[in-house]
Amino acid sequence: MTDTNGKQRPFLGYGLGLRRQHYEDVLDTKPEVDWFEILSENYMVDGGKPLYYLDRIREHYPMVMHGVSMSIGSTEPLNYEHLDRLKTLIERVEPAWFSDHLCWTGIDKLNMHDLLPLPYTEEALDYVAERIAKVQDYLGRQMLIENVSSYVSYNESQLTEWEFLREVAERADCLLLLDINNIYVSAYNHHFDPVEYLTAMPSERIYQIHLAGHTQEKDLIIDTHDHPIADPVYQLYAEAVRRFGRVSAMIERDDNIPPLVDLLSELDRVRQIGNNFSRDQVA
Amino acid sequence: MMRLSELQSRFQSFILEPENGEEISWVGGTEQLPSHDRLSVYANAYLLRLKEVLESDYAAVNRAIGDGRFELLAERYIRQHPSRFFSLRDFGNRFAAYLGEQVEIDASLRDLPWLPELAQFEWTLGLAFDSAESTLLDEQDMASIPADAWPALQFEFCPCVHRIDLQWNIPAMWKSLTADPPETVEAIRTPGNWLVWRQDMVTRFRSLDEDERLILDLLHRGGNFNDGCELLASQIGEEGVSMRAASLLKGWIGQGLVADAVRRY
Ligand SMILES: [Fe+2]
């Protein structure tokens with residue numbers, strides 16, 4: 001698998017989101033996790049425990065960085081102060097790559113602390129692609145953009161979500177973090193076929209996969225990240241691996257955090273699917 | 001055609017004020033799941049997320065007044081002070097000041113005059129928790145300072161060193177409220193001066209005697225050792241000064257409060 005520049009897509013293996021509840025366990029037991037993803041904003045602090053553990057765990061594991069507050073789709077100007085902090089953290093962590101979401105988080109200098117969906121319009125497409133390109137220029141590297149889950153669709157939308165995501169990636173020449181759970185959640189909430197979504201993705205740009213749990217409510221699925229990965233999401237993941245081959249994949253657990261060993265056994269199932277189906281694909 | 005900026009403005013207004021009565025024509029909905037209900041997922045999540053942040057940053061305040069009362073106050077704070085921060089860790093930074101206003105004007109809080117101080121104390125613990133690392137001065141560094149350098153010596157304290165003056169028995173209350181299981185505790189008016197800092201990744205606090213508070217505050221503000229000793233003399237008399245100064249300094253160094261000692265002219 002090669003990317004747009006003809007390079008081999010890097011494969012880090014199977015990872016976990018690093019959570020403070022597991023800091024001690026990770027250092028004590030050095031679990032068989034191939035890499036960790038950190039939430040960038042949690043380490044944009046001056047000092048103390050988070051940075052202390054970050055440095056120590058980094059000595060033993062490869063890492064990638066994942067942000068939630070770039071607000072790449074906001075009509076507010078880019079926050080260069082934030083980008084500078086991000087740059088400093090990138091220099092400290094030396095991650096394999098960094099990512100943020102295809103969303104906006106607030107306007108009028110306010111932060112809703114949420115990943116709010118964009119309308120899939122030509123206007124938004126031009127706007128977001130240009131902003132991603134600006135960020136990549138400023139930070140001097142490509143970034144990964146992640147699809148978010150959503151509960152609303154705008155009447156103004158002219159494209160499907162997958163058309164929009166693909167176009168953004170191509171115009172900005174950025175990479176993709178495909179969240180399989182988010183695709184599943186949005187497919188249910190907006191009544192589309194998740195496989196059609198996968199089919200539209202530019203395989204060579206997909207550097208990372210997120211898997212997570214969700215909560216089924218009466219008419220909507222809420223993307224809560226507080227449960228184990230659901231079976232249909234595993235199935236969709238298998239479908240993705242069949243199409244894209246080996247992609248670095250990980251579990252995102254943000255709430256109701258179980259003991260590390262539980263996540264490790266969940267990760268075993270992810271690894272098994274990843275290895276089996278990508279082998280099929282290579283053969 | 002509604003522009004991106006217009007859509008974002010409407011979306012955010014809904015999150016901040018879901019019951020603003022505006023008709024939602026720009027989001028798809030069905031009879032089974034109207035656009036209002038879909039958007040409400042975001043509005044509810046916003047409120048819930050910020051409440052959880054306050055609950056965790058102000059766990060003792062929450063326990064002291066109970067979930068119901070805390071939730072009401074948290075919700076009012078969230079509505080009055082929407083987040084302007086990139087990180088949730090800063091969201092609660094005005095909660096103590098907000099509680100200070102509320103106990104003045106809200107009759108239902110009149111029996112809780114100590115509440116703002118408890119919040120301020122919890123926030124200060126949080127500040128000490130993730131303030132910057134710094135170098136630490138040790139006993140050997142101190143011993144190597146030439147005698148004639150001492151009078152003009154200034155001390156740099158670690159960024160994690162915070163001072164807080166309290167009118168109530170807040171640290172005792174905090175300990176009881178955060179004990180597992182929480183213990184009941186009575187608020188007692190008893191003024192005290194406190195030091196909050198972090199040592200070996202653990203957040204600590206202790207009370208200060210009057211002479212220690214005075215010299216510490218003076219040195220913290222950049223006063224030199226000579227000024228500090230004069231102040232100490234005015235408190236405890238000339239003859240005890242060098243002993244007392246030496247023992248205080250030794251304590252501060254042992255507790256990891258002092259980053260550096262510099263001679264400035
Ligand atoms: Fe994700």
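The structure displayed is predicted, hence computed values, not measured ones. To find a chain, count down the sequence lines: A is the first, B the second, and so on, and within it residues start at 1.
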Measuring from B:Leu16:CG to A:Met112:CE, what's the distance to the nearest 0.5 Å?
4.0 Å
Considering only heavy atoms, give the residues of residues 127-142 of chain B separated from chain A by less than 4.5 Å, sorted numerically, with 'none' for an empty result.
B:Phe129, B:Asp130, B:Ser131, B:Ala132, B:Glu133
Of the backbone (N, CA, C, O) and the side chain (C-beta and beyond), which part of A:Asp108 lies under 4.5 Å from a heavy atom of chain B, both, or neither?
both
Most chain B-contacting option - heavy-atom pairs closer than 4.5 Å, from A:Thr121, A:Leu220, A:Asp46
A:Asp46
Between A:His190, A:Glu76, A:Glu217, A:Met44, who has the most heavy-atom pairs with chain B when the cutoff is under 4.5 Å?
A:Met44
B:Ser83 OG to A:Lys109 NZ distance, which is reported to the nearest 0.5 Å
14.0 Å
Which atoms of A:Leu51 approach chain B - backbone, side chain, both or neither, heavy atom under 4.5 Å:
neither
Can you tell if the side chain of A:Pro117 reaches within under 4.5 Å of the side chain of B:Phe11, non-hydrogen atoms only?
yes
For B:Arg94, I'd like to know if atom CZ has over 12 heavy atoms of other residues, nucleotides or ligands within 6.0 Å.
no
Interchain contact, A:Ser150 with chain B, by part (heavy-atom threshold 4.5 Å):
both
In the structure I gave you, are the side-chain heavy atoms of A:Glu41 and B:Phe85 within less than 4.5 Å of one another anywhere?
no
Using non-hydrogen atoms only, which part of A:His113 is less than 4.5 Å away from chain B: side chain, backbone, both, or neither?
both
Quick one: do A:Met70 and B:Phe86 satisfy side chain to side chain contact (heavy atoms under 4.5 Å, CB included)? Show the steps, please.
CA-CA 9 Å; A:Met70 191 176 285; B:Phe86 85 94; over 6 Å; no
Once you round to the nearest 0.5 Å, how far does OH of B:Tyr42 lie from CG of A:Leu115?
9.0 Å
Proximity breakdown for A:Ser69 and chain B, heavy-atom pairs closer than 4.5 Å
side chain
For chain B, the option from A:Ile107, A:Val45, A:Asp219 that forms the most heavy-atom pairs under 4.5 Å
A:Ile107
Using non-hydrogen atoms and a 4.5 Å limit, figure out which bit of B:Arg84 sits close to chain A: side chain, backbone, both or neither.
both
Check each atom of B:Ile15 against the heavy atoms of chain A and say whether the ones under 4.5 Å are side chain, backbone, both or neither.
side chain
Considering heavy atoms only, which positions within residues 151-159 of chain A lie below 4.5 Å of chain B?
A:Tyr151, A:Val152, A:Ser153, A:Tyr154, A:Asn155, A:Glu156, A:Gln158
Decide if atom NZ of A:Lys30 counts as having more than 12 heavy atoms of other residues, nucleotides or ligands within a radius under 6.0 Å.
yes
More than 12 heavy atoms of other residues, nucleotides or ligands under 6.0 Å from NZ of B:Lys175: is that the case?
no
What part of B:Val41 lies closer than 4.5 angstrom to a heavy atom of chain A: side chain, backbone, both or neither?
side chain
Can you check whether anything in residues 2-9 of chain B gets within less than 4.5 Å of chain A, heavy-atom wise, and list it by number?
B:Met2, B:Arg3, B:Leu4, B:Ser5, B:Leu7, B:Gln8, B:Ser9
Enumerate by number any residue of residues 59-67 of chain B whose heavy atoms lie under 4.5 Å from heavy atoms of chain A; in the absence of such residues, state 'none'.
none
Counting only heavy atoms not in A:Arg20, do more than 12 sit closer than 6.0 Å to its CZ atom?
no
Interatomic distance, CZ@B:Arg38 vs CG@A:Asn189, rounded to 0.5 Å, equals 6.0 Å
